[in-house]
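Naming: A, B, ... by sequence-line order, numbering from 1 per chain.
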2 protein chains.
Amino acid sequence: MKDDTAPVLTPMLRKLTLWAHLDADDERALLGLPHSLVTVPRDEPIVREGDRISHCWLVLSGFCARYKDVGDGGRQIVSIHMTGDLVDLQNALLGIADHGVLTLTACDMATFPVEAVRELTNSRPAVKDALWHDTLVDASIHREWVANLGRRDAPTRIEHLLCEFALKLEAVNLGEQLNYELPMTQHQLADATGLTVVHVNRVLQALARDGLIERVTPRSVLIGNWKRLAAAGDFRSDYLHLGSLKSRSRHR
Amino acid sequence: MKDDTAPVLTPMLRKLTLWAHLDADDERALLGLPHSLVTVPRDEPIVREGDRISHCWLVLSGFCARYKDVGDGGRQIVSIHMTGDLVDLQNALLGIADHGVLTLTACDMATFPVEAVRELTNSRPAVKDALWHDTLVDASIHREWVANLGRRDAPTRIEHLLCEFALKLEAVNLGEQLNYELPMTQHQLADATGLTVVHVNRVLQALARDGLIERVTPRSVLIGNWKRLAAAGDFRSDYLHLGSLKSRSRHR
DNA sequence: CGTTTGGTTGACGAAGCTCAAAGCCGGTGG
DNA sequence: CCACCGGCTTTGAGCTTCGTCAACCAAACG
């Protein structure tokens with residue numbers, strides 16, 4: 001609960017300082033946010049659409065997703081989150097949840113009372129700016145997803161998602177991530193790309209057949225040739241606004 | 001340029017005060033933002049993806065849209081804006097545009113230098129909160145669009161969009177809007193719903209045939225039975241976060 | 001070992017796309 | 001005032017992508 005404990009919140013700090021100048025006091029204040037730590041098993045709904053939100057969640061390890069349910073029983077994943085991501089800040093600030101959150105894998109998470117976040121942002125403008133920026137980047141990613149779902153065919157959509165995933169992984173790990181394990185089932189992948197499981201399955205096989213990825217297990221993704229996959233997936237990383245990240249130069 | 005001119009910026013103010021408490025000084029400061037007025041003809045790109053943004057735009061009258069171009073020459077509209085909407089605030093705050101903006105109809109617009117907005121938000125925390133909230137609502141709408149494109153079929157998508165449009169119109173006009181003229185061509189409607197012109201055309205006819213809307217001209221939309229259309233379009237207005245708006249109770 | 005969960009396959013059908021042409025204004029210029 | 005033009009809408013025919021349904025398989029787990 002205090003910043004003399006191990007600084008579990010540093011992943012968040014690292015992400016925020018990507019795009020805002022925080023002085024030592026700001027950082028201390030952020031790391032000192034009152035929080036509790038929770039481990040959530042995989043495939044667990046953390047928040048449901050319609051909930052009144054009093055806490056917001058930070059992913060410390062593992063993966064989770066935000067989603068919306070639609071009338072006919074379908075589900076659409078609207079974004080995917082990993083270490084350092086403040087999930088549900090948006091729900092928290094808006095008061096009532098317009099979307100749900102679920103874990104894709106088991107996750108270590110920290111939760112903050114919204115009021116603590118509010119107080120923090122009110123007392124430290126730089127922190128407010130950083131969090132605002134964070135939500136703006138989320139919105140930018142949403143826009144790209146809109147384009148992805150609206151105007152790209154199934155293979156392109158999946159390729160695009162795989163690229164996004166690789167880059168985000170790289171951003172949190174500070175290393176190359178051309179070889180990773182997808183933290184979701186094909187069903188969830190379908191829910192993220194607006195397709196059906198069956199079709200996702202076939203497209204993944206096609207991608208492997210075309211040499212765009214290699215799969216040793218069903219979930220594993222090895223990107224042999226980044227440029228080729230990015231081109232096929234119509235992927236340009238700009239929308240992630242990772243500007244200052246070194247990797248950006250490499251992944252045009 | 002001063003608040004002794006006619007308060008052209010009031011539509012924006014009205015929208016922002018929907019969800020934030022602004023005191024008299026805040027309001028004065030907002031209305032006093034240095035701006036210039038521009039009339040933009042219809043179908044004009046105001047901002048292009050990749051532009052470095054120094055100004056942000058406010059719609060005073062008319063309609064415009066934010067869009068992204070995709071690799072194969074397609075275009076996806078990611079949101080639609082009307083009187084009182086601050087379009088491009090997001091691009092402005094992020095620095096370089098991750099999406100374009102174009103006018104759907106001729107528009108009267110005001111432009112502000114970003115720095116002026118920055119100064120304002122820094123000196124008046126309540127204004128910053130209001131603008132932040134505004135961008136959060138935009139993000140919520142993006143999420144709904146993701147769900148719309150990913151998990152609803154063509155008729156449902158279009159019905160949903162028609163509902164959203166009606167409610168937003170109502171929000172700015174403070175009156176019922178079950179009868180309006182769509183400010184876009186079927187081609188643009190297709191770009192908003194991820195469909196083709198041809199299919200949009202056929203679906204619109206089907207909606208009319210089913211009595212969900214009436215069309216006296218190709219663009220006109222008359223909603224005879226809101227509840228039926230909303231049900232068919234899987235439309236729940238919550239994601240618009242119009243909470244305090246009276247109309248909400250009527251349109252469940 | 002059964003059971004469960006996720007992945008894979010095949011046959012079939014439908015929603016939506018493509019291409020191509022024709023109709024329908026409203027505007028413009030002769 | 002009429003003929004023409006260009007942008008938008010509408011129509012039809014044929015095709016493709018993706019969805020549905022229904023199994024079957026493989027690994028993981030108790």
Side-chain angles (χ1 to χ4, degrees), chain A residues 41-44 63 65 70 72-77 102-106 148-159 161 181-210 213-221 232, chain B residues 41-44 70 72-76 102-106 148-161 181-210 213-221 232:
Chain A
R42 164 212 133 92
D43 211 15
E44 193 83 7
F63 297 88
V70 304
D72 65 351
R75 158 170 298 184
Q76 176 66 43
I77 289 178
L102 60 80
T103 53
L104 296 172
T105 64
N148 204 34
L149 292 166
R151 281 289 180 238
R152 298 203 258 251
D153 64 13
T156 318
R157 273 185 226 179
I158 293 181
E159 288 151 4
L161 185 65
E181 202 73 11
L182 266 181
M184 44 185 150
T185 65
Q186 292 182 4
H187 187 82
Q188 292 164 337
L189 195 50
D191 283 345
T193 49
L195 303 166
T196 55
V197 209
V198 175
H199 201 58
V200 164
N201 184 288
R202 297 201 229 261
V203 170
L204 283 176
Q205 290 178 57
L207 297 190
R209 211 175 308 123
D210 297 349
I213 60 173
E214 259 172 74
R215 316 190 315 143
V216 317
T217 72
R219 307 272 189 100
S220 73
V221 174
Chain B
R42 165 211 130 92
D43 212 16
E44 192 84 5
V70 303
D72 65 352
R75 159 170 299 185
Q76 177 67 42
L102 60 81
T103 53
L104 296 173
T105 64
N148 204 33
L149 291 166
R151 282 289 181 239
R152 297 203 259 252
D153 64 12
T156 317
R157 273 185 226 178
I158 293 182
E159 288 150 3
H160 193 278
L161 186 63
E181 202 72 10
L182 265 182
M184 45 184 149
T185 66
Q186 293 182 6
H187 186 81
Q188 290 164 337
L189 196 49
D191 284 345
T193 49
L195 303 166
T196 56
V197 210
V198 175
H199 201 58
V200 164
N201 184 287
R202 297 200 230 262
V203 170
L204 283 176
Q205 291 178 55
L207 297 190
R209 210 175 308 124
D210 297 349
I213 59 173
E214 259 173 74
R215 317 189 315 141
V216 316
T217 73
R219 307 271 189 100
S220 74
V221 175

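The CG atom of B/D191 sits 12 Å away from the P atom of C/dC17 (whole-angstrom rounding). Rounded to whole Å, atom C1' of C/dG6 lies 12 Å from atom CG of A/D43. Here the C1' atom of nucleotide D/dT9 and the CG atom of B/L182 are 14 Å apart, to the nearest Å. As a whole-Å value, the separation of A/D72 CG from D/dG19 C1' is 12 Å. Atom CD in A/Q188 sits about 13 Å away from atom P in C/dT5, given to the nearest Å. One can place CG of B/D153 at 9 Å from P of C/dA15, the figure rounded to the nearest angstrom. The separation between A/R209 atom CZ and C/dT8 atom P is 12 Å, rounded to whole Å. Taking atom CG of residue B/L195 and atom P of nucleotide C/dT18, one finds them 11 Å apart after rounding to whole Å.
Between C/dG7 and A/N201, no contact under 4.0 Å exists linking OP1 or OP2 to a side-chain N or O. For B/R152 and C/dA15, the shortest distance from a side-chain N or O to OP1 or OP2 is not below 4.0 Å. Put simply, A/Q205 has a side-chain N or O that comes within less than 4.0 Å of OP1 or OP2 on C/dT9.
A donor-acceptor pair is defined here as one N or O able to donate and one able to accept, closer than 3.5 Å; no such pair exists between the side chain of A/R152 and the backbone of A/R157. For the pair B/Q76 (side chain) and B/A192 (backbone), a donor-acceptor distance under 3.5 Å is present.
In terms of position along DNA chain D, the nucleotide closest to B/R42 lies nearer the 5' end than the nucleotide closest to the other residue of the pair B/R151 and B/R42.
Here the nucleotide nearest the side chain of B/V198, chosen from C/dG16, D/dT11, C/dG7, is D/dT11. Looking at the side chain of A/Q186, the nearest of the listed nucleotides D/dG19, D/dT9, C/dT8 is C/dT8. For A/R219, the side-chain atoms get nearest to C/dG7 when compared with the rest of C/dT18, C/dG7, D/dT9.
In the model, A/S220 has no side-chain atom that pairs as donor or acceptor with a side-chain atom of A/E214 under 3.5 Å.
At a threshold of 4.0 angstrom between heavy atoms, the contacts of B/G74 with the nucleic acid are absent.
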Next item on the list: Test side-chain contact (heavy atoms from CB on, under 4.5 Å) on A/R219 and A/T185 and set out the steps.
Entry: CA-CA 7 Å; A/R219 307 272 189 100; A/T185 65; 3.4 Å; yes
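Residue A/R202 places a side-chain atom within donor-acceptor reach of the base of C/dG10, judged by atom type and a 3.5 Å distance cut-off alone.
A salt bridge links A/R151 to B/D191: one of the charged nitrogens lies within less than 4.0 Å of a carboxylate oxygen.
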